[in-house]
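Below you'll find the structure, written out as structure tokens, and then a few comments.
Protein chains get the first letters and strands the later ones, always in sequence-line order, with residue 1 at the start of each.
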Protein chains: 2
Amino acid sequence: MEAMTTSAVHTPRGPVTRKDVARYAGVSTAVVSYVVNGGPKKVAPATEAKVQDAIRILGYRPNAAARALKLGSSETIGLIIPDNTNPFFSLLAHAVEDAAAELGYALLLTNSDGNLTKERRNIRNLASRQVDGVVLASVLFEPDLAALESAEIPAVLLNHGGKSPGFNSVGVDLAAGARMAVDHLIGHGHTNIALAMGTNTGHDYDLREEGWLQALAAAGLPEGPIVRGPFSREGGYAVGRRLLASADRPTAVFASSDMQAIGILRAIHEAGLNVPGDIALTSFDGAAEAEYSWPALTTVEQPVRVMAEAAVGALLGARRGEPAAHRTFPTELRVRQSCGCPAQASSATP
Amino acid sequence: MEAMTTSAVHTPRGPVTRKDVARYAGVSTAVVSYVVNGGPKKVAPATEAKVQDAIRILGYRPNAAARALKLGSSETIGLIIPDNTNPFFSLLAHAVEDAAAELGYALLLTNSDGNLTKERRNIRNLASRQVDGVVLASVLFEPDLAALESAEIPAVLLNHGGKSPGFNSVGVDLAAGARMAVDHLIGHGHTNIALAMGTNTGHDYDLREEGWLQALAAAGLPEGPIVRGPFSREGGYAVGRRLLASADRPTAVFASSDMQAIGILRAIHEAGLNVPGDIALTSFDGAAEAEYSWPALTTVEQPVRVMAEAAVGALLGARRGEPAAHRTFPTELRVRQSCGCPAQASSATP
DNA sequence: GTGAAAGCGCTAACAC
DNA sequence: GTGTTAGCGCTTTCAC
């Protein structure tokens with residue numbers, strides 16, 4: 001007698017597949033697909049209910065690998081950044097994750113550690129994983145996207161000048177942002193304004209440097225000293241010490257990233273000097289950390305969330321055949337105290 | 001005549017598959033597999049060379065989805081954390097990514113934003129994506145792992161007391177770490193030591209609180225004030241202000257995370273008070289940011305990289321049938337200046 | 001040492 | 001509205 005086989009149906013061995021659901025609900029596997037995906041065919045309400053019950057009771061979850069194989073899409077996007085430990089990139093990663101999740105995509109995170117070999121390996125790895133797109137903050141100005149191209153995987157470059165036609169990119173106007181920060185310092189009456197510039201592996205001329213130059217020139221001010229070092233707290237610290245030791249110590253400095261500014265701040269404190277009294281400081285990025293340094297940093301904020309949404313949008317747009325484009329977003333000056341502006345009266349009451 | 005069909009072979013339409021490689025190399029698809037995977041069968045050196053050439057020339061990259069479907073493993077692990085923007089978690093994410101990449105696994109990053117609904121959704125999502133394991137820093141003390149269990153996906157809980165037998169977990173001895181931090185403050189002569197405790201969604205009694213209590217009791221000191229707030233800079237700031245406004249203002253405070261300490265530091269600075277002169281401070285986690293605050297934070301450092309490696313190891317071990325276990329790692333006190341210790345002479349010379 | 005072929009779970013023609 | 005079925009690209013058993 002077959003009467004007891006229902007118990008076997010209740011507990012299929014191993015993971016539950018669409019076949020188990022179909023059997024349990026007494027329908028074909030196609031119908032299960034239609035229900036799960038809401039199409040492409042319509043299903044009678046009664047049937048749908050039976051299937052939904054079966055899914056719930058059996059605890060069925062579609063196998064994403066099978067789906068990816070069939071569809072040629074993993075519903076996943078890849079992110080390649082130098083270091084997700086850097087506040088700017090961690091914010092970006094979070095924003096990209098949110099934007100992707102919103103559309104049902106998951107995020108594969110990879111760090112290149114500013115290392116070209118790793119970046120290449122990550123690109124290849126993501127390509128073989130059938131990601132539907134890659135957001136890349138490259139070490140290089142012209143990254144090697146061959147692996148992605150041959151797999152027809154769209155990519156979007158981050159904070160890239162957009163000089164490579166044919167590639168999607170999103171970024172901010174670095175020069176304009178830098179000008180804002182330097183102009184603000186000029187507005188405070190400074191005439192000897194240094195630049196602490198971050199150094200990248202292969203990038204060419206950074207437009208923040210140009211912005212600094214432009215602002216100085218426009219105000220008829222002489223070029224201040226330039227110090228260069230890594231985009232990191234440590235890099236900023238080293239650069240800050242050099243600046244302090246120089247003969248014509250500047251009265252203000254524009255740092256190309258918040259992390260560098262944080263390091264510079266430490267160097268200044270250690271020297272027993274005061275910010276902004278002895279040296280004023282502005283920087284770039286708008287990291288959360290910049291709001292809690294002492295004094296709080298006046299910084300040029302990048303609209304990271306908007307940029308992340310645009311990046312994910314561009315990726316998915318590219319899949320639908322939209323042409324590559326460069327999208328530039330405006331930055332905003334977050335005025336705090338490191339520049340010399342007075343502290344706002346705190347609205348919080350203890 | 002078929003002579004010219006080679007040109008068609010050279011440029012297979014669409015993505016290159018293992019079949020194209022086989023045809024080009026004049027072998028069967030099985031042999032291509034053997035070569036790509038280094039087994040399970042041996043291949044003659046000459047044949048192998050032909051296949052490797054074909055792979056290179058055609059630019060073949062294995063399809064991970066097909067492989068995942070066949071093998072039942074995506075060679076991917078999932079990470080669920082409250083917020084990858086928090087330095088502790090961003091460091092963890094980086095370390096997990098490294099440990100996973102080392103073994104050929106990729107990392108699917110998800111943020112729960114401290115939100116139970118999102119955490120659940122992320123768990124289910126990762127389960128359906130056939131991840132080979134999940135590292136979970138849960139909002140709850142007893143997360144709902146049903147989706148993972150039914151899919152037979154191992155999980156490892158992070159910084160979980162290890163009270164749930166049957167679950168893998170990795171963490172540090174929170175009480176011992178807290179004791180270290182508080183003992184150090186006691187060593188500086190403080191007798192009124194407050195606790196700034198972070199609040200989690202569903203976690204029960206946090207052992208850092210117990211450690212603080214134990215240290216005080218062991219020294220015969222009275223219980224200091226406790227203030228509670230979110231594990232964030234903002235939370236710390238609010239809590240700091242409350243502490244400063246209280247009648248018997250403490251002369252020292254132990255904060256349960258670096259982020260809170262950063263916020264407290266701001267509150268103290270704004271009040272025109274001095275750290276460590278007026279109020280000494282120690283905290284917990286060992287974030288990079290703690291080294292660059294002013295003054296630099298004395299903090300209990302968690303060995304994040306080691307923990308990440310252990311977590312990934314446990315996941316893969318579980319796949320091989322190893323029993324679940326709780327691994328506890330030692331913390332270390334990074335002595336800097338917020339506690340009252342003198343600054344080390346800096347070894348760097350500008 | 002090499003090849004043929006079954007089948008992983010799913011989608012979407014196409015037939016009814 | 002529902003069912004049948006052909007593959008997506010890969011791994012691996014089994015035959016040779």
Tell me whether B:Glu75 is salt-bridged to A:Arg129, with the criterion being a basic N under 4.0 Å from an acidic carboxylate O.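 Not counted as a salt bridge, because no side-chain N and carboxylate O are separated by less than 4.0 Å.
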Interatomic distance where [atom1] belongs to [X] and [atom2] belongs to [N] [whole Å]:
X: B:Lys70; N: C:dC8; atom1: NZ; atom2: P; result: 7 Å
X: A:Glu75; N: D:dC8; atom1: CD; atom2: P; result: 20 Å
X: B:Leu71; N: C:dG9; atom1: CG; atom2: P; result: 12 Å
X: B:Gln130; N: D:dC10; atom1: CD; atom2: P; result: 18 Å

Respond yes when some side-chain nitrogen or oxygen of [X] is under 4.0 Å from OP1 or OP2 of [N], and no when none is.
X: A:Thr17; N: C:dG9; answer: no
X: B:Asn63; N: D:dC8; answer: no
X: B:Arg67; N: D:dG9; answer: no

Pick the closest DNA chain D nucleotide for A:Arg18 and for B:Ala65 by heavy atoms, then say which residue is nearer the 5' end. A:Arg18
Heavy-atom neighbours of A:Arg305 CZ exceed 12 at 6.0 Å: yes
The bend of the helix from C:dG1-D:dC16 to C:dC16-D:dG1, taken between the axes of its five terminal pairs at each end and rounded to 10°, is 40°
I'd like to know if the side chain of A:Asp132 reaches the main chain of A:Ile77, judged simply by a donor and an acceptor atom lying under 3.5 Å from each other, with no hydrogens or angles considered. no
Are any side-chain N or O atoms of A:Asn115 and backbone N or O atoms of A:Ser112, one a donor and one an acceptor, separated by less than 3.5 Å? no
Determine, stepwise, if the pair A:Asp53 / A:Arg56 fulfils salt bridge (charged side-chain N to carboxylate O under 4.0 Å, His left out). CA-CA 5 Å; A:Asp53 284 352; A:Arg56 196 169 320 111; 3.3 Å; yes
Just call it for A:Val36: base, sugar-phosphate, or nothing, with non-hydrogen atoms closer than 4.0 Å on any strand.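 No contact.
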Single hit among A:Val170, A:Leu136, A:Val135 for side-chain contact (heavy atoms from CB on, under 4.5 Å) with A:Leu157: A:Leu136
Between [options], which nucleotide has the shortest distance from any of its atoms to the side chain of [X]?
X: B:Leu69; options: C:dG1, D:dT11, C:dG9; value: C:dG9
X: A:Thr29; options: D:dT4, D:dT12, D:dG9; value: D:dT4
X: B:Ala30; options: D:dT12, D:dG3, C:dC10; value: D:dT12

Any N or O donor-acceptor pair under 3.5 Å from the base of D:dG9 to the side chain of B:Lys19? no
Could a donor-acceptor pair under 3.5 angstrom be found where the side chain of A:Tyr34 meets the base of D:dG3?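 Counting by modelled atom types and ignoring angles, a donor-acceptor contact under 3.5 Å is found here.
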Walk me through it: do A:Leu107 and A:Thr76 pass the test side-chain contact (heavy atoms from CB on, under 4.5 Å)? CA-CA 6 Å; A:Leu107 208 226; A:Thr76 293; over 6 Å; no
Restricting to non-hydrogen atoms, name the atom on A:Asn159 and the atom on A:Gly171 that form the minimum distance, rounded to 0.1 Å. OD1-CA, 3.3 Å
DNA chain C contacts made by residues 43-54 of chain B, counting heavy atoms under 4.0 Å: B:Val43, B:Ala44, B:Thr47
Run B:Arg18 and B:Val21 through side-chain contact (heavy atoms from CB on, under 4.5 Å) and show every step you take. CA-CA 5 Å; B:Arg18 164 229 54 177; B:Val21 175; 5.5 Å; no
